Amino acid sequence: MVRDKRLGWRLIAATSALAMVAAACNGTDDDGVTVDDDGEETAAPEGDPENYCEGSTETDLVWAHEQEPPDLHLDDPANNLSIASWIQQGMLEGLYGITSDILFVPELLEDEAEVTENEDGSVTVDFTLREGIQFSDGEPITGQTIKDNFDLYMDEAFALSTRGDYETIDPDSWEIDGQNFSYTMPEFFAGWPSLFARVLPTHAIGTEGEAANEAMREFMVDGEPLPASGPLQFSSWNRGVDMTLVRNDEYHGSNPLNDDVTNQGIACITGVTLQFVTETDAQINAVRSGEADFIFTQPQVPFGEGLADDPNVTAASGPSAAFEHWSMNIHNPHLNDADVREALAYAIDKGVVMESLYEPLYGDVLPLEGLGATYWLTGEYYQDLQGEQGYGQGDFDSANELLEGAGYELNADNVWEHPERGPLTLRVSTTGGNQLRELQQQLLQDQLSEGGWDIQIDNLPGADHFSQQSFSPGNVACSVSGGDDGATVTLASGDEATADCGVVDIVQFAWVGGPWPGGQSVAFKTGSENNPHGYSNTDLDALLDTCDQTIDDDERAACYTDADRYVTTRTVDEDGLIIIPLTTKPNFFAFSDLNLQQGATAVDANDAGPLVHAVDYLPH
């Protein structure tokens, strides 16, 4: 939970790790009654901006952030940075949004879509858009707008990383009648609510891929900013310095079905300027002094003392759909042995990381025993699969028994050693320069060394880690080839790569998911270029397809959990267990009380962030 220092506790999301955010101005109890400074009860604001925006409506906010996107074409696989998504979420709404407890909620839709299973096994989805929704230039958003988006996505010239998801729709099945539209899928696809997560202004950028690519990169067309459907719209970009978004005065308002949003009208602020501030200390100082109004970024240790404990700053982070983990390369000579992988799962102590690094930043927002699964990270379907096996608790007795059974003995240096594989030395690689991750490595290195594990830290700066280590052409080729070291493999890009199965041993980074857990499957499927582990199991491949095609929510949830057991335990595959999830990973969200009475709910997922509910920023 997150403690709002001024207003007490306010529960908004009942998940396995409860999420808390700042409450409304003055104070609001569970019955929706607001108490003013004189102790008098008044009705809580209910969406009328004249009631909600009690203070100035001419306030510009500043967001201090360390990363500048290369462009704003988020769909382009070459630019899928979270910062580009967070910016777009303030400007472009989708059919569904994401709640603070990581669930889909209607956004442009009037209500939940209706799913019908047909006699031939196909599935039809019927949608009704809200009345009165429009882009900032006055262009209405109708069923034809969604179909035009589909046509753009189907143009192979348009840069799109998830075209395969849209190919689940029969292109000849669309039926459109004003705000009503439907399409049919030949077979059910569980990720359908994630489609059209940002409805693009196709009336301005067209449905031809090449032209749309150019418009989306700079968010401009014919020298003018693209029309927006969200609370903010693009204004200007001074590269290397800042980007400015301004209030969309034609905004149709948030969907009343989303309980995370208080204000149903236009934003109380006139805009947000994103300042690119690379240094952590500079970000902290900017928020503490009021030069910046909020921060939403990857967690760093200095935020604990610099912001979380500042009386003029409200820290309001919550659980997310991103999770930190150790991924094991099963083509490493040691890690190829499932007994060694399981020994590591027993030996590692997740609590060391949680208590030392995450609790000071987030309090008890996150479970201190760490995370035990990869598909369900919060909510009613979450199960601590690894905890059920006793993993992640620093159990050296169980780890040692497995290592001895695999032929290892402690050598003179008190390091486990195998007669053929040699000393149990494993390199752990991550994004160098990320202090929180580097400290995480060091804590686990020290903890595991007490049990005879020789853990070596082998980092490269930032993006170099991904391009040269975890997702380097050599490591990807090794995984795709099934561990055929030295084999020549043609990658999806058309480039040839030589399999190098010794690039990495263990990689530490975060997967970013969302309310559709099936998006995680690319990390585990045979031959996937997003699979850095080299794991392959045809039974799991088939099960994952079954999960995505299961219509019943509870049955589908159980299916994903069964799939999770393959990669996090050895209960269904003796040669499984290739990932050790450590913790869900909220971004750090804090706002200055100097200029703001309330911050906006910030959900940490690719399709949300600190601008998605910009209407709820309430200045003094």
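Because the structure is a prediction, the values reported are computed rather than measured.
Here the side chains of Glu93 and Val199 are not in contact, with every heavy-atom distance at 4.5 Å or above. Residues Met216 and Leu72 fail the side-chain proximity criterion, which asks for heavy atoms closer than 4.5 Å. Counting heavy atoms from C-beta outward, Thr297 and Asn587 have side chains that stay 4.5 Å or more apart. Using a 4.5 Å heavy-atom cutoff, the side chains of Gln298 and Phe588 are not in contact. Tyr362 is listed as a side-chain neighbour of Pro299, based on a closest heavy-atom distance under 4.5 Å. Put simply, the side chain of Phe196 does not reach to within 4.5 Å of the side chain of Glu107, judged on heavy atoms. Side-chain contact check for Val115 versus Phe188: some heavy-atom pair is nearer than 4.5 Å. Between Asp548 and Arg556 there is no side-chain heavy-atom pair separated by less than 4.5 Å.
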inquiry  = Determine whether Gln383 and Tyr375 satisfy the following criterion, side chain to side chain donor-acceptor pair (under 3.5 Å), listing intermediate values before the conclusion.
reply    = CA-CA 10 Å; Gln383 290 181 243; Tyr375 276 89; over 6 Å; no

key: side-chain contact (heavy atoms from CB on, under 4.5 Å) evaluation trace for Ile146 with Leu95   = CA-CA 9 Å; Ile146 312 304; Leu95 298 186; 3.7 Å; yes

ask   = Given the rule in the salt bridge (charged side-chain N to carboxylate O under 4.0 Å, His left out) test, do Asp573 and Arg565 qualify, once you have shown the distances and angles that lead to the verdict?
value = CA-CA 8 Å; Asp573 179 8; Arg565 298 182 197 278; over 6 Å; no

query = Please walk me through it: do Asp454 and Arg427 pass salt bridge (charged side-chain N to carboxylate O under 4.0 Å, His left out)?
reply = CA-CA 9 Å; Asp454 181 22; Arg427 296 166 298 154; over 6 Å; no

task = Test Tyr408 against Leu402 for side-chain contact (heavy atoms from CB on, under 4.5 Å), laying out the working first.
result = CA-CA 9 Å; Tyr408 287 82; Leu402 282 166; over 6 Å; no

task = Could you please spell out the steps behind the salt bridge (charged side-chain N to carboxylate O under 4.0 Å, His left out) verdict for Arg570 and Asp575?
result = CA-CA 7 Å; Arg570 298 174 71 186; Asp575 292 321; 5.4 Å; no

request  = Test side chain to side chain donor-acceptor pair (under 3.5 Å) on Gln393 and Lys350 and set out the steps.
outcome  = CA-CA 6 Å; Gln393 301 172 23; Lys350 301 177 187 181; over 6 Å; no

message = Go through it in stages, so that I can follow the logic: the residues are Phe189 and Trp516, the test is ring-ring contact (aromatic ring centres under 6.0 Å, His included), and I'd like the CA-CA distance, side-chain angles, deciding distance and then a yes or no.
response = CA-CA 11 Å; Phe189 168 55; Trp516 169 49; 5.1 Å; yes

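Remark: aromatic rings of Tyr535 and His331 are distant, center separation not under 6.0 Å. The aromatic ring centres of Phe466 and Phe509 sit less than 6.0 Å apart. Ring centroid separation for the pair Phe524 and His533 comes in under the 6.0 Å cut-off. Taking the ring centroids of Tyr183 and Phe150, they lie at or beyond the 6.0 Å cut-off.
Counting heavy-atom neighbours within 6.0 Å of Glu401 CD, excluding the residue itself, gives a total of 12 or less.
Between the side chains of Thr374 and Asp564, at least one donor N or O sits under 3.5 Å from an acceptor N or O. Looking at Gln440 and Glu324, their side chains do bring a donor and an acceptor atom within 3.5 Å of each other. Looking only at atom types and distance, the side chain of Asn459 has no donor-acceptor partner in the side chain of Thr430 under 3.5 Å away. Counted by atom type alone, Arg198 and Gln88 present one or more donor-acceptor pairs between their side chains at under 3.5 Å. Side chains of Gln300 and Gln435: no donor on one and acceptor on the other come within 3.5 Å. Side-chain N/O atoms of Asn329 and Asp505 include no donor and acceptor closer than 3.5 Å. No side-chain donor-acceptor contact under 3.5 Å links Ser528 and Asn531.
For Gln445 (side chain) and Ile455 (main-chain N/O), a donor-acceptor pair under 3.5 Å exists by modelled atom type. With hydrogens and angles ignored, the 3.5 Å screen pairs a side-chain donor or acceptor of Asn336 with a backbone N or O of Ile330. At least one donor-acceptor pair closer than 3.5 Å links the side chain of Thr569 to the backbone N or O of Thr571. Asn258 places no side-chain N or O within 3.5 Å of a backbone atom of Pro106 that could act as its donor or acceptor partner. Between the side chain of Ser317 and the backbone N or O of Phe589 there is at least one donor-acceptor pair closer than 3.5 Å. Distance alone, capped at 3.5 Å, places no donor-acceptor pair between the Gln441 side chain and the Ile457 backbone. One N or O on the side chain of Gln447 and one on the backbone of Ala347 form a donor-acceptor pair closer than 3.5 Å. Judged by distance alone, with hydrogens and angles left aside, the side-chain atoms of Thr162 form no donor-acceptor pair with the main-chain N or O of Asp165 at under 3.5 Å. The backbone N or O of Leu460 sits nowhere less than 3.5 Å from a side-chain atom of Asp464 that would complete a donor-acceptor pair. A donor-acceptor pair under 3.5 Å is absent between the side-chain atoms of Trp86 and the main chain of Leu611, judged by distance alone.
Atoms OG and CG, on Ser536 and Asp541 in that order, are 6.0 Å from each other to the nearest 0.5 Å. Taking CG from Leu74 and CG from Leu160, the interatomic distance works out to 10.0 Å, rounded to the nearest 0.5 Å. The distance from atom OG of Ser521 to atom CG of Leu540, rounded to the nearest 0.5 Å, is 7.5 Å. Taken to the nearest 0.5 Å, the CG atom of Asp339 stands 14.0 Å off from the NE2 atom of His334. In this structure, Tyr391 OH and Arg341 CZ are separated by 10.5 Å, a value rounded to the nearest 0.5 Å. One distance of note links CG of Leu424 with CH2 of Trp416; it measures 9.5 Å at 0.5 Å rounding.
Ser470 approaches Asn475 most closely through the heavy-atom pair O-ND2, 2.8 Å. Considering all non-hydrogen atoms of both residues, Leu195 and Ile169 come closest at CD1-CD1, 4.0 Å. Closest approach of Leu377 to Ala322, counting heavy atoms only: CD1-N, 4.2 Å. Arg217 approaches Asp76 most closely through the heavy-atom pair NH2-OD2, 3.7 Å. Considering every non-hydrogen atom in both Val503 and Ser472, the closest pair reads CG1-OG, 3.6 Å. Ala321 and Ile102 make their closest contact through CB-CG2, 3.8 Å (heavy atoms, listed as atom of the first residue, atom of the second, distance).
Contacts of Thr490 classified as side-chain contact (heavy atoms from CB on, under 4.5 Å), with partners at least two apart in sequence or in another chain: Glu496. Residues satisfying the side-chain contact (heavy atoms from CB on, under 4.5 Å) test with Asp554, not counting sequence neighbours, are Tyr381, Asp552.
Relative orientation of the Phe158 and Tyr153 rings is tilted, given thresholds of 30° and 60° on the angle between their planes.
Ionic pairing of Asp75 and Arg163 is not present here: no N-O contact between side-chain nitrogen and carboxylate oxygen is shorter than 4.0 angstrom.
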